[in-house]
Amino acid sequence: MLKQHYLVALQTIAYKEVRRFVRIWVQTLLPSVITTSLYFLIFGTLIGSRIGQMNGYDYMEFIVPGLILMAVISNAYSNVVSSFYSSKFQLNIEEMLVAPIPPWVILLGYISGGVARGLMVGAFVTVVSLLFTNLTVAHPVMMIGVFLLTGVLFSAAGLINAVYAKSFDDISIVPTFVLTPLIYLGGVFYSIDLLPPFWQKVSLLNPVFYMIDVFRYSVLGQSDVPLLAGFSVIALFIVLLLGVSLRLLSKGIGIKN
Amino acid sequence: MKALEIKNLKKSYGNGFVALKGIDLDVKQGDFFALLGANGAGKSTAIGIVSSLVNKTSGLVRVFGHDLDDEPEAVKRCIGLVPQEFNFNQFEKVFDIVISQAGYYGIPRKRAHERAEICLKQLDLWDKRNEASRELSGGMKRRLMIARALVHEPKLLILDEPTAGVDIEIRRSMWEFFKEINAAGTTIILTTHYLEEAESLCRHIAIINKGEVIENTNMKSLLENAVEEVFVLELDEPLSDLPVVDGCCITVIDETTWQVNVQKEVGVNHLFVSLDKLGIKVAGLRNQSNRLEQLFMKLLMKKRG
């Protein structure tokens, strides 16, 4: 009986989240597809043809997995951070706080929305990539698994950002100054083998590097670091960020007086 | 059965401000209860705690026997909240807002649609169901929040200034609606700045001042404490000399308008008889302020010393 109530509440939040980003698809779905298409065109086709091969693959083939995952990461994150912060700003988060919904259902609902948008944009970008290269996926199940896991991870990260945000500026600081550098320096456009030893070691401290590496393995069948290391980093950060998110929602930090 | 039981409820904010200093409050099932207080008195904090929007510092809150600490979800199921500020998504459609709220309470979609239709029709918003909520007028937005609060059929409805900024006609129709749902068994707690509203609707009243309950009684006995009523008289013709009437204090507003404070034991009939004897014709009469307003101010002044 109780579980049925939770399920209805979860479906309601997830449906509302999906409806939100679909309603404003020009702001939410289109930009990543256009930006990534430009990356494919400029870095992949125009510059890539002069770069040659990277780790035994055409440069275009090499960057496709990283660019797809970049779209998943940034969309999952920005969906939750903007939606949750808007709910705080407009006070309609109170609709959920007064209702008999446990914090984990609220968390799962917002994560569902973030993952859905990440997957949808990821799928669009994957389709667009087929216009530029013959993409063959080495491990499709693993690819979808990494899609989902990174979506969950960055949705939780977006929620934490939104909880602490006090203005709309605060929801763009982390994506601009933290997330984007981590993604760009996480091996989207290059193999860390190209870096001097010191910077290779620095790159290993970047968690996004492992996620892109694992994802690239699922697509190309080749990675820079062992898969176990990649999945361990993803699992560690998922547990950490979900734990923090849940605690913040349970305590009502940033959303209750 | 008590609809709401509050014992020694305290709330201190991080900046050291003490909003509630240990209040006690009981609301009986089926009651129409007024919670009054000046801005910042602590009434919204108390309501926020009961409806789980504010974390309490200490104290006990029970709603229909469910302890807020032990059974928060059971407490939430009993309550419908109409907050002071508009707190729905301005971009969502009216119908979607109500449906989503039903979903948060675990009401399956088919039943949610039925309930939303009933509530929106009750609040005269059914024709507006497909409009974005930001397109609604102020009065409609207030009614939308009432429809949303009723969608899960709460046993306790909390109205935090539900008629603020609403015109007189709509306010009166909302009063009738509140009376109807109260008569049908829903317990109602009302905070308002329109004391006439509390006087017309509520059977019991508590007044909060600076985080303390300074009065908690039934409306009838509170109003019996009123010592005088204030009237404004419109005279037929200008008069410069003020008459002396026992038990009445007359002051001039302008040459054809007087304010008269009439002692309760004297009564307004005595005033009219006396004026008639003096040959003074009165063209019109209206209340300067309602009785509750006077009492409210008196209690606050007394508290401030």
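The structure presented is a predicted model; accordingly, all values stated were derived computationally and were not measured.
- Looking only at distances, no side-chain donor or acceptor of Q90(B) sits under 3.5 Å from a matching main-chain atom of Q90(A).
- Using a 4.5 Å cut-off on side-chain heavy atoms (C-beta onward), P100(A) and H152(B) make no contact.
- The shortest heavy-atom contact between K256(A) and S52(B) is CE-O, 3.0 Å.
- Other residues, nucleotides and ligands contribute only 12 or fewer heavy atoms inside 6.0 Å of the NZ atom of K28(B).
- No donor-acceptor pair closer than 3.5 Å links the side chain of K16(A) to the backbone N or O of D96(B).
- Of all non-hydrogen atoms in E95(A) and I97(B), the two that sit nearest each other are OE2-CG2, 3.9 Å.
- Proximity to chain B (any heavy atom under 4.5 Å) is restricted, for R23(A), to the side chain, taken from C-beta onward.
- The minimum heavy-atom distance between G106(B) and H5(A), with the atom names listed, is O-CD2, 3.4 Å.
- Within a 6.0 Å sphere centred on NZ of K88(A), heavy atoms belonging to other residues, nucleotides or ligands number more than 12.
- Proximity to chain A is limited to the backbone of F86(B), based on heavy atoms less than 4.5 angstrom apart.
- Of the atoms belonging to L53(B), heavy atoms from both backbone and side chain fall under 4.5 Å from chain A.
- Contact detail for K76(B) and L97(A): the closest heavy-atom pair is NZ-O, 3.1 Å.
- Residue K7(B) qualifies as enclosed at atom NZ: its count of foreign heavy atoms under 6.0 Å is above 12.
- For I107(B), the part lying near chain A is the backbone, with the side chain staying farther off; criterion is any non-hydrogen pair under 4.5 Å.
- Closest of all the heavy-atom pairs between T12(A) and Y104(B) is CG2-CE2, 3.7 Å.
- Per-residue heavy-atom pair counts under 4.5 Å with chain A were compared for K11(B), E85(B), E92(B), R109(B), and the maximum is reached by E92(B).
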